[in-house]
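In what follows, a structure is listed as structure tokens, so that the remarks can point back to it.
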Amino acid sequence: MEALYHQSNKQVHEVQSRMGLLETSEKQSVHLVENEIQARIDQIFSNLERLEILCSKEPPSKRQNAKLRVDQLKYDVQHLQTALRNFQHRRYVREQQEREREELLTRSYTTNGTHKKILDVANMLGLSNTVMRLIEKRAFQDKVIMIGGMLLTCVVMILVIKYLT
């Protein structure tokens, strides 16, 4: 039991040092290091299961101490597993953000794209440029009338509030 415990403890320390290497590794080798760490953690978990069985076979005077040591080792391994999952999640989020950023940077934005499409559709329908200019002028006039009406409504509401309350 002692040899298996020391071997498992040594593997835990190796995994901890590999976790430090994980932060500094290149993008291409991150997956390999992650897989290696996960394999070592799985190996440690299988060792811990054997240690728990061996713990129950220890003499009663040593059993509690052995169980405590195995539980501590299991606790450490669970924290390593959680740390690996957190690192993988952060890496996934970072990669997702990079993909979204690249997608946004490659997307072309045109302010007149809609306007051009409307003109193309109107030309296909047979409307002349003169008619199109009249429509654009009318749209501008409608916008001015709308803004004027909004301002007039606000002034009337202010006057009503001021003199009726």
Side chains of Val33 and Val30: closer than 4.5 Å at any heavy-atom pair? no

Report, as yes or no, whether the 6.0 Å neighbourhood of atom CD on Gln64 holds more than 12 heavy atoms from other residues, nucleotides or ligands. no

Leu48 CG to Ile41 CD1 distance, which is reported to the nearest 0.5 Å: 11.5 Å

Please find the pair of heavy atoms, one from Leu22 and one from Glu34, that lie closest to each other, and give the distance. CD1-CG, 3.8 Å

Can you confirm whether Glu2 sits close enough to Arg69 that some side-chain heavy atom of one is under 4.5 Å from a side-chain heavy atom of the other? yes

Taking side-chain hydrogen bond (donor to acceptor under 3.5 Å, both in side chains) as the cut-off, I'd like each qualifying pair that reaches into residues 36-45, sequence neighbours left out, listed once. Glu14-Arg40, Arg18-Glu36, Glu36-Arg40, Gln38-Asp42, Gln38-Gln81, Gln43-Asn47

I'd like to know if Val77 and Leu68 are part of one continuous hydrophobic network [Ile/Leu/Val/Met/Phe/Trp/Tyr, side-chain heavy atoms within less than 4.5 Å]. no

Restricting to non-hydrogen atoms, name the atom on Ile44 and the atom on Val12 that form the minimum distance, rounded to 0.1 Å. CD1-N, 3.7 Å

How many angstroms lie between CZ in Arg63 and CG in Leu54, if you round to the nearest 0.5 Å? 12.0 Å

Has Ser29 got a side-chain atom pairing as donor or acceptor with Ser25's backbone, closer than 3.5 angstrom? no

Applying a strict under-4.5 Å side-chain criterion to I, L, V, M, F, W and Y, I'd like to know whether Leu84 and Leu32 cluster together. no

Can you tell me if NE2 on His6 sees more than 12 non-hydrogen neighbours from other groups inside 6.0 Å? yes

Working to the nearest 0.5 Å, report the span between CZ of Phe45 and CG of Leu73. 10.0 Å

Does one side chain, of Arg138 or Gln141, offer a donor that lies under 3.5 Å from an acceptor on the other? no

Whether over 12 other heavy atoms sit under 6.0 Å from Met146 CE: yes

Residues, nucleotides or ligands: over 12 heavy atoms within 6.0 Å of Glu100 CD: yes

Are Leu164 and Val156 connected in the hydrophobic side-chain network, where two residues link if heavy atoms are under 4.5 Å apart? yes

Just verifying a value: how many Å separate Asn86 CG and Met19 CE, rounded to the nearest 0.5 Å? 8.5 Å

I need the Ile147 CD1 to Leu152 CG distance, nearest 0.5 Å. 14.0 Å

Supply the atom-to-atom distance Arg99 CZ to Glu95 CD, rounded to the nearest 0.5 angstrom. 6.0 Å

I'd like to know if Glu49 pairs up with Lys74 as an ion pair, taking the criterion as any Lys NZ or Arg NE/NH1/NH2 lying under 4.0 Å from an Asp or Glu carboxylate oxygen. no

Determine yes or no for a side-chain-to-main-chain donor-acceptor pair under 3.5 angstrom, with Asn9 supplying the side chain and Tyr5 the backbone. no

Between Glu98 and Arg94, does at least one N-O distance fall below 4.0 Å, as a salt bridge requires? no

Taking all non-hydrogen atoms of both residues, which atom of Met1 and which atom of Cys55 are closest, and how far apart? CE-SG, 3.8 Å

Test log, rule side-chain contact (heavy atoms from CB on, under 4.5 Å), inputs Tyr75 and His79: CA-CA 6 Å; Tyr75 179 78; His79 277 283; 2.9 Å; yes

Above 12 or not: heavy atoms from other molecules or residues under 6.0 Å from CZ of Arg101? no

State yes or no: do Leu21 and Phe87 share one hydrophobic cluster built from I, L, V, M, F, W and Y residues joined by side-chain heavy-atom distances below 4.5 Å, directly or via other members? no

Identify whether the distance between the nearest side-chain nitrogen and carboxylate oxygen of Lys67 and Glu58 falls below 4.0 Å. no

Heavy-atom distance under 4.5 Å between the side chains of Leu80 and Asp76, does that happen here? no

